[in-house]
Amino acid sequence: MPSTQAAPTPETPVKDMKDIVALCKRRGFVFPASDIYGGINGFWDYGPLGVELKNNLRDLWWKRMVTCPPIGPDGHPVQIVGLDSAIIQNPKVWVASGHVGGFSDPMRKCPKCGHFVRADHLWNILFSESEWVNSLLQVFEPHTGRIDTPAIMNWAKGKGKKLAPNLAVVKDPEVVMSFLATRVNGQPNAPLEIQEIVSHLATAQLNATGLQDPCPRCGGALEGESTFNLLMHTYLGVSATEDDKAYLRGETAQGIFINYKNVMDSSRVKVPFGIAQTGKAFRNEVTPRNFIFRSREFEQMEMEFFCHPSEANMWFDFWVSERKKFWEDLGLKTDNLLMREHEADELVFYSKRTFDIEYHFPFNGFDEKGNKQFGELEGIAYRTDYDLKQHAEHSGQRLDYLDPERDNERYVPHVIEPAAGLTRGVLALLCEAYTIDPSRPSGVYLNFHPKVAPKKAAILPLMAKDGHPEKAEKLYMELREEFAVDLDIKQNIGKRYARQDEIGTPFCFTIDGQTMEDDTVTVRERNTMAQERIAMSKVADYLREKMRA
RNA sequence: GCGGGUGUAGCUUAGUGGUAAAGCUCCAGCCUUCCAAGCUGGCUAUGCGGGUUCGAUUCCCGUCACCCGCUCCA
């Protein structure tokens, strides 16, 4: 086994994303969406085995959350109910959640600091709210039309450096000022407007880009106008007017918050309790990349846990450790997992604490010291009462809780949210399972835990005669009631073992000559390729036990 | 979104301005008492669109997808 701590050396085989993607397509786990039309960026289809794997992961999550939730600190199972909300909701939901900001206003983005500005308000904002513009305007008198080059240079090297680090004149004062001088001297009869001066100061390569507009926050050159929206939209009804615009959900979480009252009123749940949901979500990712890791249509497994504010931190810690255990139980190696708490400046505005569960995907690679790098698999966020308060305010509905166990205290519950990527989980399982083994015919096998394996077992008659196929089919008919199993008769036995290795089937039951005499079969274990003989009547028990382990 | 690279069968690779070749895989049959064996037969490809040309997989342009690096990831 290659060491998983250090960066791979030329001697240790490397898990290459290219190979994993190829295996996924070849064996029917994941296909490029719209493949026969040349594909479509950011979308993937799950093939016959991929959908089994994905369903298995989703079902295991559901079981762990809803059917059989963990034991809480009080020694009793925590209370969690399920939900399946619509992908499309009233657009106001996404306004309340903060996903839809300026609606369809044209926005301009700063590539340096990520700030968004409304395009039609840019210059107003620059002159009234921008700290660096106000500071700049104090060092020279723009209305005279005269450019005080030394004063601006001085500002650029001093105050400007602090206030507008990405402004062109701050980064490269000589070149920018020489462009400005050229303009002044070239057209002496056309005095510069103040706006034009500021644009000049934001322009690093005038000839290549033309005049640029600066970011009010950092001075970086803004990108062109776009009606940027993270959310995909559609139009309801046949007459597609702006009034009919609706959004595809960008996360399943909001469907839970807006049903908080319905669930409270119908399910006899008491705080603390959770509502769990899995399903598709959609985002207009700028750059879908890294196979199914970042795609525009993906699946989430989210649970919102509602609790008293004073207990929020306790439940946060509870769910962080519970969720880590979940992924480990599915076979993700502990040293491929990273638990990382967000720094204060990294937290999104609604969150008080966030813990990422990150996985070392092959494309994450290693840093220069050889340390593993990681990508997000799940985030556990303490969302405070932000979402319920937002929806209470925007909907006008009361979303607080009258707590009979706390002297009828009335409060808006705080929320701990373990939010996992189902499709990212599938990728992590695939990457973890992918095992290079040059010694076997397939060269590679998928080391899935039996719980997640898309096929639990294959039933293989040693030969396609002498009653083997009939016996095999009998066993198959018994097992298929309870397990996803394959019956494979064609070709020689070695080929069939190899095929099952490559799709990660943990067990193969082989019917041979001895089976015909005493009704025993051999079990071939995928990882060791070792075989033992058991009674045909014990096969189901055998599988059942392996699935539990 | 920017820069670089790639694109011939399911995979790995040939080749050509004039009928696109092979091995493996896959499918059918035979054979075979345990790890991609053998024999026979079969399916399948120049990402897509346009241009130049009598003729383009080959040359040119565009586009799409994928990979790498930036950027992005409320």
Side-chain angles (χ1 to χ4, degrees), chain A residues 16-19 21-28 31-44 47 94-95 97-102 107 109-116 208-209 220 223-224 226 228-231 250-251 253-254 283-291 293-296 298 346-351 356 363 365 375-376 379 381 386 421 424 437 439-445 458 460-468 490-502 508-517 521-526 528-531 533:
Chain A
D16 190 333
M17 267 326 278
K18 264 210 311 278
D19 299 332
V21 173
L23 174 67
C24 282
K25 183 172 178 185
R26 180 156 40 93
R27 289 304 187 186
F31 305 125
S34 306
D35 205 9
I36 61 170
Y37 286 98
I40 176 168
N41 195 0
F43 297 88
W44 299 90
W94 303 105
V95 179
S97 72
H99 284 79
V100 179
M107 305 291 278
K109 185 174 143 211
C110 174
K112 300 293 182 192
C113 72
H115 186 59
F116 281 94
T209 62
E223 291 174 353
S226 57
F228 173 89
N229 201 322
L230 183 76
L231 296 182
E251 60 178 23
Q254 296 306 321
R283 289 185 197 178
N284 271 319
E285 294 290 353
V286 180
T287 312
R289 192 85 55 109
N290 290 329
F291 197 33
F293 181 79
R294 172 166 295 120
S295 47
R296 292 183 167 140
F298 56 101
E346 191 186 354
L347 288 170
V348 287
F349 59 88
Y350 56 71
S351 179
D356 275 353
F363 51 77
E376 185 186 347
Y386 172 79
R424 281 186 182 183
D437 180 0
S439 76
R440 64 177 74 199
S442 54
V444 64
Y445 66 99
L460 311 174
L462 186 57
M463 290 185 298
K465 59 173 190 182
D466 296 343
H468 296 185
K490 300 282 178 175
Q491 296 176 318
N492 73 58
I493 191 76
K495 250 181 205 192
R496 287 176 280 161
Y497 284 148
R499 192 159 43 222
Q500 297 299 334
D501 280 351
E502 231 186 359
C508 291
F509 300 108
T510 303
I511 280 76
D512 58 12
Q514 194 177 331
T515 312
M516 308 313 289
E517 290 163 22
V521 297
T522 63
V523 190
R524 181 241 192 212
E525 204 272 328
R526 175 197 58 209
T528 60
M529 298 192 281
Q531 286 179 277
R533 187 165 278 276

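Every chain is numbered from 1 and lettered A, B, ... according to where its sequence line falls, protein lines coming before strand lines.
- Taking atom C1' on both B/G17 and B/C35, the two are 49 Å apart, rounded to the nearest angstrom.
- Nucleic acid contact for A/Ser442: base, since at least one base atom lies under 4.0 Å from a heavy atom of the residue.
- What you find for A/Met529 and A/Arg524 is that their closest heavy atoms are CG-NH2, 3.5 Å.
- Between B/G62 and B/C27, the distance separating the two C1' atoms is 39 Å to the nearest Å.
- Of the listed nucleotides (B/G1, B/A37, B/G10), B/G10 has the atom at the smallest distance from the side chain of A/Arg26.
- In this structure, B/C59 forms a base pair with B/G51, meeting either the Watson-Crick or the G-U wobble geometry with both donor-acceptor distances under 3.5 Å.
- Atom pair A/Arg496:CZ and B/A36:C1' shows a separation of 12 Å (rounding to whole Å applied).
- Taking OG1 from A/Thr515 and CG from A/Asp466, the interatomic distance works out to 11.5 Å, rounded to the nearest 0.5 Å.
- Taking only side-chain atoms of A/Met529, from C-beta outward, the nucleotide of B/C72, B/C35, B/G29 with the closest atom is B/C35.
- A/Asp512 and A/Leu462 make their closest contact through CB-CD2, 3.7 Å (heavy atoms, listed as atom of the first residue, atom of the second, distance).
- Contact annotation: A/Lys25 side-chain N/O to B/C66 OP1/OP2 distance is not under 4.0 Å.
- Figure legend. B/A45 is base-paired to no nucleotide; pairs are counted as Watson-Crick or G-U wobble with both atom distances under 3.5 Å.
- Across B/C35, B/C34, B/A74, the shortest atom-to-atom separation from the side chain of A/Thr522 is found for B/C34.
- Across B/U12 and B/G7, the matching C1' atoms stand 15 Å from one another, rounded to whole Å.
- Taking the side chain of A/Glu251 as heavy atoms from C-beta on, and the options B/U32, B/G1, B/A74, the nearest nucleotide is B/A74.
- You'll find that the side chain of A/Lys490 is closest to B/A28, out of B/A28, B/C66, B/A36.
- Residue-level contact check: A/Ala464 touches the bases, meaning some heavy atom is under 4.0 Å from a base atom.
- Remark: C1' of B/U33 and CE of A/Met516 are 12 Å apart, rounded to the nearest angstrom.
- B/U25 and B/C43 have their C1' atoms separated by 12 Å, with the value rounded to a whole Å.
- The side chain of A/Lys465 sits closest to B/U32 out of B/U32, B/C70, B/A36.
- Regarding A/Glu502, its CD atom lies at a distance of 12 Å from the C1' atom of B/G10, rounded to whole Å.
- Remark: B/U40 base-pairs with B/A28. Criterion, Watson-Crick or G-U wobble with two distances under 3.5 Å.
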- A/Arg499 and A/Arg27: CA distance, side-chain angles, deciding distance, side chain to side chain contact (heavy atoms under 4.5 Å, CB included) verdict: CA-CA 9 Å; A/Arg499 192 159 43 222; A/Arg27 289 304 187 186; 3.6 Å; yes

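- Of the listed nucleotides (B/C26, B/C34, B/A28), B/C34 has the atom at the smallest distance from the side chain of A/Arg533.
- Contact annotation: side chain of A/Tyr37 to base of B/C48, donor-acceptor pair absent below 3.5 Å.
- At the heavy-atom level, A/Arg27 lies under 4.0 Å from base atoms of the strands shown.
- Between A/Gln491 and B/C27 there is a side-chain polar atom (N or O) within less than 4.0 angstrom of OP1 or OP2.
- In this structure, the nucleotide among B/C34, B/C26, B/C35 sitting nearest to the side chain of A/Asp512 is B/C34.
- For the C1' atoms, the distance linking B/G10 with B/C26 amounts to 8 Å, nearest Å.
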- Item | Pair A/Glu502-A/Leu23, side chain to side chain contact (heavy atoms under 4.5 Å, CB included): steps then yes or no | CA-CA 8 Å; A/Glu502 231 186 359; A/Leu23 174 67; 3.7 Å; yes

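- Residue side chain A/Gln531 reaches the base of B/C34 through a donor-acceptor N/O pair under 3.5 Å, judged by distance alone.
- Heavy atoms of A/Phe31 sit nowhere under 4.0 angstrom from any nucleic acid atom.
- Taking atom CZ on A/Arg440 and atom C1' on B/C35, their separation rounds to 10 Å, with Å as the unit.
- The shortest non-hydrogen separation linking A/Arg440 to A/Asp501 is NH1-OD2, 2.9 Å.
- Separating the C1' atom of B/G42 from that of B/C48 is a span of 29 Å, rounded to the nearest Å.
- When the C1' atom is compared between B/A37 and B/A14, the two are found 27 Å apart, to the nearest whole Å.
- Taking only side-chain atoms of A/Ile493, from C-beta outward, the nucleotide of B/A36, B/C34, B/C2 with the closest atom is B/C34.
- If you check every strand for non-hydrogen atoms under 4.0 Å, A/Arg283 touches nothing.
- Base-pair partner of B/G69: B/C2 (Watson-Crick or G-U wobble, both distances under 3.5 Å).
- Checking the phosphate oxygens (OP1, OP2) of B/C26, a side-chain nitrogen or oxygen of A/Arg499 falls inside 4.0 Å.
- Using a 4.0 Å heavy-atom cutoff across all strands shown, A/Tyr350 reaches at least one base atom of the nucleic acid.
- Comparing the C1' positions of B/G15 and B/G4 gives a spacing of 28 Å, expressed to the nearest Å.
- Between the CZ atom of A/Arg289 and the P atom of B/C66 there is a distance of 9 Å, given to the nearest Å.
- Toward the 5′ end of RNA chain B lies the nearest nucleotide of A/Gly443, the other residue of the pair A/Pro288 and A/Gly443 mapping further downstream.
- If you take CG of A/Leu347 and P of B/A74, they are 13 Å apart, rounded to a whole angstrom.
- In terms of polar N and O atoms assigned as donor or acceptor, the side chain of A/Asn492 never comes within less than 3.5 Å of the base of B/A36 in a complementary pairing.
- Distance check, rounded to the nearest 0.5 Å: CH2 of A/Trp44 to CG of A/Asp35 gives 9.0 Å.
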- Message: Between A/Ser97 and A/Gln254, does the side-chain hydrogen bond (donor to acceptor under 3.5 Å, both in side chains) criterion hold? Intermediate values first, please.
- Response: CA-CA 7 Å; A/Ser97 72; A/Gln254 296 306 321; 4.6 Å; no

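- Atom OH of A/Tyr497 is separated from atom P of B/A37 by 15 Å (rounded to the nearest Å).
- Side-chain contact between A/Tyr497 and A/Cys508 is present, with heavy atoms from C-beta onward closer than 4.5 Å.
- In the set B/C35, B/C66, B/C34, B/C35 carries the atom at the smallest distance from any side-chain atom of A/Arg524.
- Across every strand in view, B/A21 sits in a pair with B/U13 that passes the Watson-Crick or G-U test at under 3.5 angstrom.
- Between A/Gln254 atom CD and B/A74 atom P there is a gap of 14 Å when expressed in whole angstrom units.
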